[in-house]
Amino acid sequence: MPDWTYHTMFEPALSKLPAKTGREFIHNGMHRIASIPGGSKLIEYLGHTAPAKQLETKIFGLTIANPVGLSGKIDPLLSGTKAFGHLGMGFIEVGPVSWDPVEMGTPRFTDSKDAMVYPYRLESPGIKRTIEKLSKLESFDKPIFIRIGRNDTFEQTLSLLKTLSAFGQAFIVEELYGIKQWKTLKEAVNGKPILFAGSAGGIDSPAFVASQEAYIDGIVLDEQGVDTGQGMEYPLDQSGQLIEKLTSIRRHSKVPILVSGGIAEPKDALDLYEAGADLVMLTGGYVRTGPGLPKRINEGLLNQRTASPPVYDGWMWHWLFGLFMFLGGAAAMLVSMTIVLMPYDEAFLNLSREELMAINPNIYYFMQHDRMTVAGTMVSGGILYMQLTRYGVRHGLEWAKRAIHIAGVLGFLGILLFIGFGYFDWLHGILWLVLLPFFWKGYLVSKDYSEHSSSRNRKNHPAWKRSLLGQLAFVVLGSALAAAGFIISAIGVSGVFVQTDIAYICMNPEQISAINERLIPVIAHDRAGLGSALISVGLLVLMLALWGFQEGQRWVLYTFLLGGSPAFGAAILIHYVIGYTNFIHILPAYVALVLFVSGLWLSKKFFFM
C-alpha cells in the first residue's frame, strides 16, 4: 500500500472505522497478498522498496539490509508481519510478548493526531499464538527482534526467553538485572544478542552505562510517554528529546543503540542517525505518515552517503533506441498529415488514394485517424525512452532500466499482431529491425545495473502531500493507457471496429469488405500498431509514476510533459480535423487529458523544490 493510495483513499476511509478494525483490515489484506506465490516479491517490485546495498548494516553479529525497523507496537497481533518485511524494513520487532493474551484496548490517535495513546499494557496474542505465527515465518529473510514484556518474576522472563529462543535473532528485555541474571538470560537464548529497553526519561545515562554496559549487547531507547490517566500518550515527533538522551549516552559509551519511536518524517530518523543511533524503529509516525516512510528514510540516508550519482557507460544504446523511435514516429506523423496511404498500401489494395476517397472518404479519414494516433504515440514513446535513459539508465538506476526493458519487450512483441492480419507493413518491419539492435545492445549493457534512487525529501510538507494526488493521477493514467492498448489490440484481432467507428464510416464490416476484401486487414494492422504502442507507452508512464517520484527531480515532470503532449495532441486534434467528434468515442481521451494535466499541476511544486 504505497502513500499515494494510503493518503488519498485508504486512510480517509479506514479512519472512520474502529481503530482495531481498520488496522487488522489493512494488515490481513497485506498478509494475504504476501502469502500468495510471488506476492511478497510483487509488493517489493511494485513499490521498489528493496533498500540499496550501501545501506547494509552489520550489528550484533547480524547483517541487516538497512537500519530502519518496525516496532512491535504497529503489528501486535502479527497479522501483517509477512508483508512488512517487503516494505523497506531492515528488521521487525515482535512483542512485547506475554504468557497470556492481553487485550486492554487498541492504540488511537489524539484528536489533533499529533500523538498516539496506548493502553498501559500493550496488546499481545500470548505465547502460544505468537509461536504459531512465528513458526509460519520460517522463510522470512529479515531479522526478528523479540521483545519480552515486564513480568512479575525473573523466572517468568527467563522462561519466555527459553521458549522463544529459536524464533528470534535478537531479544529485548524491559527489566534491569544483575550480572548473574544477565548471563543466565544470555545462556537461555544460546548466546544471541540481548538488549535492554528503557524510555528516554527513565535511563540515567552515566549511571546506566557504568552499571550495565558490560552485560548487555545494546540499548533500546524508547520514546517517552505521558500518563493521561487513561493510558500512555506518545507524541509522534519527539526526536529532539531522544537526540538529547542519545547524545548523553554517546558521551560515555559506544554501546549499540536502537531508538524506538519519535519519528514522524524522514528528517527525524536522519537526525537520530547523525546523533549516534545505530538502528531506528518506527512507531506511531509510521501510521500517521504512511507506509512509504521507511523507503523515504532509506532514500534520504542514501542521499547523505553518496556524494553524486555514478555515470555508467553504454547508456547511449537505449537513448539511440528512443531517438530512432522518435524519428520513426515523426516520419509517420508527416505521412499521416499528407498522403496517408503509402505506395505499397495502394499496391496491396490495388486501390489508389483518389479511388478510395471517391468510394467513401470517411474510410480514408478513419485510416488517417488511426495512423496519426499511432504516430503521436510513437513520438511520445521515443521521448520517454530518451528521458529515462538520459536521467535514469545513465546513472545505473535499476528502476529506469527495468521500465525500458519491460515496455520495450512488449512493444516488440506487438509485431506479432501485425503478422496475424494478413497484411505486413514492411516499413514497420524495417523500423523494428533498425530498433532491435539498439535495444538489444542496451539491454546487454544495462541488465545488471542496480543503483537505487536517493532523495533529498526530508519533511512531510504540503508539496509532498499534494504530490501524492499527482502521483495517483499518473498511475491511473499509465494503467488506463496500457489497458486501452490491450483492449484496442483485442478489438483489432476480433471485430476491428466499435459501434462509433461504424457510425462514422457509415458502413458495416461486410460492406467495407465488399468494396475491397483487403481493406479491413490494412485497417486492422493499424489498430494493432496503435494497441501495441499504447501498451508500451502506458507502461512507461505507469512505471515512471510508480518509481520516479522524487523531490526536486524536475526531469520527471518534463518527461511527463514532453512525453505526453505529442500523443494527446495527435489523438485529440485528428478527431476534429476529420470530423469524428462523437462524444462517447473521444471521452476516454478527455478523461486521460484531465488526469495528465492534474498530475502535472499537483506535482509541479514537489518536483521544483
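- With contacts defined as side-chain heavy-atom distances shorter than 4.5 Å, the pair L600/F560 qualifies.
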With side-chain hydrogen bond (donor to acceptor under 3.5 Å, both in side chains) as the test, would you mind laying out the steps for T289 and N460 before giving the verdict?
CA-CA 8 Å; T289 302; N460 299 338; 3.2 Å; yes
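- Using a 4.0 Å cut-off between charged side-chain N and carboxylate O, R296 and E299 make no salt bridge.
- A salt bridge links R147 with E174: the closest approach of a Lys/Arg side-chain nitrogen to an acidic carboxylate oxygen falls below 4.0 angstrom.
- Between I257 and I249 the shortest side-chain heavy-atom distance falls below 4.5 Å.
- Rounding to the nearest 0.5 Å places OG1 of T57 at 7.0 Å from CG of N66.
- A donor-acceptor pair shorter than 3.5 Å can be found between the side chains of E451 and Y312.
- Aromatic pair F607/F549: centroids less than 6.0 angstrom apart.
- Ion pairing of K113 with E11 is present here, as a side-chain N (NZ or NE/NH1/NH2) and a carboxylate O approach within less than 4.0 Å.
- Rounding to the nearest 0.5 Å gives a distance of 5.5 Å between CG of L540 and CG of L384.
- Side-chain contact between I383 and T559: absent, with no pair of heavy atoms (C-beta onward) separated by less than 4.5 Å.
- In this structure, the side chains of Y449 and L397 stay at 4.5 Å or more apart for every pair of heavy atoms.
- A distance-only check finds a donor-acceptor pair linking the side chain of K142 to the backbone of G85 [under 3.5 Å].
- Y45 carries R402 over the face of its six-membered ring, with the cationic atom under 6.0 Å from the centre and within 45° of the normal.
- Here L468 contributes atom CG and R466 contributes atom CZ; the two are 12.0 Å apart, rounded to the nearest 0.5 Å.
- F171 has its ring centre no less than 6.0 Å from the ring centre of F145.
- Between D217 and K186, at least one side-chain N (NZ, or NE/NH1/NH2) sits under 4.0 Å from a carboxylate O, which counts as a salt bridge.
- Taking the ring centroids of H452 and W547, they lie at or beyond the 6.0 Å cut-off.
- Contact of the F321 side chain with the M386 side chain is not registered, since no non-hydrogen atoms from C-beta on lie closer than 4.5 Å.
- When each of V541, L477, L481 is checked for a side chain to side chain contact (heavy atoms under 4.5 Å, CB included) with F596, only L477 meets the rule.
- Here the two rings, on Y443 and W440, have centers that are under 6.0 Å apart.
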What do the steps show when you test S536 against Y385 for side-chain hydrogen bond (donor to acceptor under 3.5 Å, both in side chains), and what is the final call?
CA-CA 10 Å; S536 183; Y385 280 119; 2.9 Å; yes
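- A donor-acceptor contact closer than 3.5 angstrom links the side chains of D114 and S112.
- Here the NE2-CG distance, from H31 to L78, works out to 10.5 Å after rounding to the nearest 0.5 Å.
- More than 12 heavy atoms of other residues, nucleotides or ligands shown are found within 6.0 angstrom of CD on Q304.
- No side-chain heavy atom of L221 sits less than 4.5 Å from a side-chain heavy atom of S260.
- With S446 as reference, H405 is the one residue of H405, K441, E398 to meet the side-chain hydrogen bond (donor to acceptor under 3.5 Å, both in side chains) rule.
- Side-chain atoms of W399 and S453 form a donor-acceptor pair, as typed in the model, at a separation below 3.5 Å.
- Two residues are said to be in side-chain contact when any heavy atoms from C-beta on lie closer than 4.5 Å; E274 and L270 fail this criterion.
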Should K465 and F606 be marked as a side chain to side chain contact (heavy atoms under 4.5 Å, CB included) after you check the CA-CA gap, both sets of side-chain angles, and the distance that decides it?
CA-CA 9 Å; K465 292 182 179 179; F606 180 68; over 6 Å; no
Kindly determine whether D75 and T81 satisfy side-chain hydrogen bond (donor to acceptor under 3.5 Å, both in side chains), including the steps that lead there.
CA-CA 7 Å; D75 187 22; T81 304; 2.9 Å; yes
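- In this structure, the separation between OG on S455 and CD1 on I297 is 11.5 Å, given to the nearest 0.5 Å.
- None of L388, V393, T389 except one satisfies the side chain to side chain contact (heavy atoms under 4.5 Å, CB included) rule with K401; the exception is V393.
- Taking every heavy atom of both residues into account, L593 and F568 meet most closely at N-CE2, 3.4 Å.
- Here the options are D271, N303, D268, the test is side-chain hydrogen bond (donor to acceptor under 3.5 Å, both in side chains), and the partner is R458; only N303 passes.
- The distance between the ring centers of H318 and F438 does not fall below 6.0 angstrom.
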side-chain hydrogen bond (donor to acceptor under 3.5 Å, both in side chains), that's the test. Do T63 and K58 meet it? Break it down for me.
CA-CA 5 Å; T63 298; K58 295 185 183 299; 3.1 Å; yes
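- Between D3 and Q471 the shortest side-chain heavy-atom distance does not fall below 4.5 Å.
- Here R250 pairs with D278 in a salt bridge; the nearest charged N to carboxylate O distance falls below 4.0 Å.
- The pair E223-K73 counts as a salt bridge, with a side-chain nitrogen and a carboxylate oxygen less than 4.0 angstrom apart.
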